[in-house]
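In what follows, a structure is listed as structure tokens, so that the remarks can point back to it.
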Protein chains: 2
Amino acid sequence: MATVKDLAKATGVSVATVSKFLNGGNVLPENRRRLERAVKRTGYRINSLARGLKTRCSMTVGVLIPRFNNAFYAAMVSELENQLSRNGYSTVVCAYHDDPATEREKFDFLLNKAIDGLIMTPLGAASQCLPLLRQTTLPVVMIDRVCDGMARDMVVTDNAAAAADAVRCLAARGHRRIGIVTGPEGVFTADERLAGYRRAVAELELDPAPELVRRGDYSPDSGNRCMQEFLDLRRRPTAVIITNYEMTLGGVIALENRNISIPGELSLIGFDNLELAQVIRPPLTMVVQPVAKMAAAAVALLRQRLANPADNSFSIKKFPAELMLRDSVKTINMK
Amino acid sequence: MATVKDLAKATGVSVATVSKFLNGGNVLPENRRRLERAVKRTGYRINSLARGLKTRCSMTVGVLIPRFNNAFYAAMVSELENQLSRNGYSTVVCAYHDDPATEREKFDFLLNKAIDGLIMTPLGAASQCLPLLRQTTLPVVMIDRVCDGMARDMVVTDNAAAAADAVRCLAARGHRRIGIVTGPEGVFTADERLAGYRRAVAELELDPAPELVRRGDYSPDSGNRCMQEFLDLRRRPTAVIITNYEMTLGGVIALENRNISIPGELSLIGFDNLELAQVIRPPLTMVVQPVAKMAAAAVALLRQRLANPADNSFSIKKFPAELMLRDSVKTINMK
DNA sequence: ATGAAAGCGCTAACAG
DNA sequence: CTGTTAGCGCTTTCAT
């Protein structure tokens with residue numbers, strides 16, 4: 001493996017000049033030519049460890065997420081990696097599979113890994129990495145799920161408003177008995193969405209029956225199960241809101257299997273209008289989170305902090321989700 | 001940020017002893033105690049850049065895949081990250097979105113990033129990173145898709161056999177007009193699976209009509225479209241094989257929308273029995289690739305090569321896919 | 001524009 | 001078991 005010294009020797013200039021050349025500084029045309037040739041000939045590649053040691057930055061950012069096999073996080077990582085690599089950063093990823101111990105472990109792992117910053121989706125209330133997080137001076141941006149009172153940059157969807165909007169949309173069309181499938185207790189997004197639902201149900205004086213609230217685990221299977229439970233109720237809801245992509249698809253499959261027509265027999269609002277959801281008939285009314293914008297915002301916040309480490313203020317960036325109205329919602333008789 | 005020097009100063013031992021302690025060597029119990037305290041007190045974290053510079057290894061491996069928002073690759077990255085982190089390696093990921101230029105760019109990018117090894121799924125025939133790949137001495141393991149004649153370790157499914165098995169399974173149940181939805185031309189897995197299909201069709205003297213072969217792009221939408229094309233044929237196939245997860249689900253949705261019963265009117269064999277596929281009724285007969293085993297094999301091969309760089313032999317590890325027989329395949333009248 | 005030299009934080013001889 | 005020391009490859013003053 002060739003080094004700057006080798007290049008210096010090969011071209012007759014000093015290592016300082018080589019370094020300058022490597023970093024786009026001005027060198028004599030003659031030297032530039034010779035250096036370019038030498039680089040090509042030797043297959044020289046910069047040693048980013050040495051550079052990082054000297055410059056105290058690795059041009060690498062950590063990304064810590066719940067899991068990869070979830071369409072929303074897959075989309076998010078995809079966007080993050082895109083944005084970051086466009087800015088010259090590489091992305092080192094870890095998943096914690098919704099396990100608090102693993103979350104802490106991976107967090108610690110990343111802290112040892114010479115990353116310039118971290119973009120993470122913390123577990124939520126049950127997080128065990130909070131003390132560590134509080135200690136570290138590493139720039140950290142939380143995305144999608146956040147922890148309160150952390151004095152960190154955060155990027156979130158307005159989850160409560162999103163769920164409330166969905167309820168309002170249904171109520172405006174005559175629905176008074178509206179079910180919701182939300183995520184596990186203690187998970188930030190699940191709690192927020194449920195709170196929004198409850199607030200809207202109370203405000204609009206809709207049916208507040210507790211049987212209308214089901215908790216899944218954000219998997220297709222749980223969406224399927226929760227939907228079946230709704231269908232088995234003596235008095236079915238006339239509409240159901242399902243709060244993530246996987247559970248929405250699971251719910252649709254449950255309806256298909258029982259030959260329940262959408263929206264004929266049941267109106268449906270799903271979350272996250274990702275690939276598969278777009279090919280379902282009838283087209284589903286969806287709460288769409290602006291994944292790409294959120295990722296871009298997270299990267300922007302991180303870069304800003306990297307550029308200005310002295311700034312001890314922080315921002316919370318809250319994006320509205322968009323309600324895409326489509327055929328899976330029907331107006332029913334107002335009684 | 002504390003360094004070994006600080007620890008040395010704080011505890012009265014030398015940096016060599018600190019280093020030994022940090023790396024699990026034997027030090028006097030007394031010294032160990034004091035060092036542990038000092039580490040805790042200062043929040044010392046090793047500088048992995050400095051360590052890497054010295055040891056010439058970064059404990060980081062690159063992973064280059066087509067995309068994240070694909071269930072198979074999501075599962076693969078998930079497994080890889082698991083396996084790698086279990087072995088102390090962190091994972092830096094890049095996606096190239098099936099674009100040859102991006103593939104090359106990201107490959108080059110990773111080569112500059114002080115990784116100890118690379119696990120990659122190359123594009124296939126159209127790859128532009130082959131010259132670079134040929135040059136580099138970096139340990140590289142190819143997985144899922146491979147490039148021939150590269151003298152590298154490779155981990156693949158026996159794609160041709162998998163497709164041929166699916167054809168045989170259907171033929172044994174009386175089907176003679178079997179459609180296949182495969183991936184884009186030039187993509188390794190697509191070409192292999194199609195070849196296996198063709199071989200089996202020829203061997204068993206089934207209907208070789210070219211209209212029975214459709215090419216999707218591995219997206220749900222394309223699966224939907226191809227399936228509709230099959231349904232619009234004057235003479236429909238009696239059975240269809242769909243060669244990845246996303247297209248399979250897209251195909252199922254097309255059938256639901258046209259109220260075609262599975263397997264009553266059409267037998268179906270899909271690929272990749274991932275989450276969503278498991279909740280569909282009737283349960284789908286599936287070609288299942290052993291993702292976890294493949295990932296484990298890739299990591300094992302990489303570690304082996306890392307442990308023994310002198311070894312200039314290489315292995316190709318080919319896993320059989322398993323055909324999971326379920327209700328979506330029906331026996332029809334032999335005529 | 002170039003060069004000499006110091007030093008980033010760590011590990012690994014080597015000597016004791 | 002411990003300490004001294006050289007040096008990994010690079011960037012960066014500071015002169016020239």
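All chains are named by letter (A, B, ...) in the order of the sequence lines, taking the proteins before the strands, and each is independently numbered beginning at 1. These numbers come from a predicted model, not from an experiment.
- Salt bridge status for B:E81 with A:K106: present, with a side-chain N to carboxylate O gap under 4.0 Å.
- Comment: B:D98 engages B:R145 in a salt bridge, judged by a side-chain N to carboxylate O separation of less than 4.0 angstrom.
- With a cutoff of under 4.0 Å to any heavy atom of chain A, the contacted region of DNA chain C is bounded 5' to 3' by C:dA1 to C:dG9.
- Using a 3.5 Å distance cut-off with no hydrogens or angles, the side chains of B:R51 and B:N23 do pair a donor with an acceptor.
- B:T189 and B:Y218 are linked by a side-chain donor-acceptor pair at a separation below 3.5 angstrom, with hydrogens and angles left out of the test.
- Of the residues in residues 8-38 of chain B, those with a non-hydrogen atom less than 4.0 angstrom from any atom of DNA chain C are B:A16, B:S19, B:N23.
- Of the residues in residues 39-51 of chain B, not one comes within less than 4.0 Å of DNA chain D through any heavy atom.
- Around the CZ atom of B:R37, the shell of radius 6.0 Å holds no more than 12 heavy atoms that belong to other residues, nucleotides or ligands.
- Partners of A:R34 according to the salt bridge (Lys or Arg N to Asp or Glu O under 4.0 Å) rule, which considers only residues two or more places apart in sequence or in another chain, are A:E30.
- Side-chain contact, A:N159 with A:T157: no donor N or O sits under 3.5 Å from an acceptor N or O.
- A:R67 has no carboxylate O lying under 4.0 Å from a charged side-chain N of A:D99, or vice versa, which leaves the two without a salt bridge.
- Where DNA chain D meets chain B (any atom under 4.0 Å from a heavy atom), the bounding nucleotides read 5' to 3' are D:dC1 to D:dG9.
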**OP:** Step by step, work out the side chain to side chain contact (heavy atoms under 4.5 Å, CB included) result for B:F107 and B:L118.
**Re:** CA-CA 9 Å; B:F107 185 85; B:L118 177 62; 3.5 Å; yes
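- The environment of B:R152 atom CZ is dense: over 12 non-hydrogen atoms of other residues, nucleotides or ligands sit within 6.0 angstrom.
- Counted within 6.0 Å of CD on B:Q304, heavy atoms from surrounding residues, nucleotides or ligands total 12 or fewer; the atom is thus considered open.
- Listed by first and then second residue, the salt bridge (charged side-chain N to carboxylate O under 4.0 Å, His left out) pairs involving residues 113-131 of chain A amount to none (not counting sequence neighbours).
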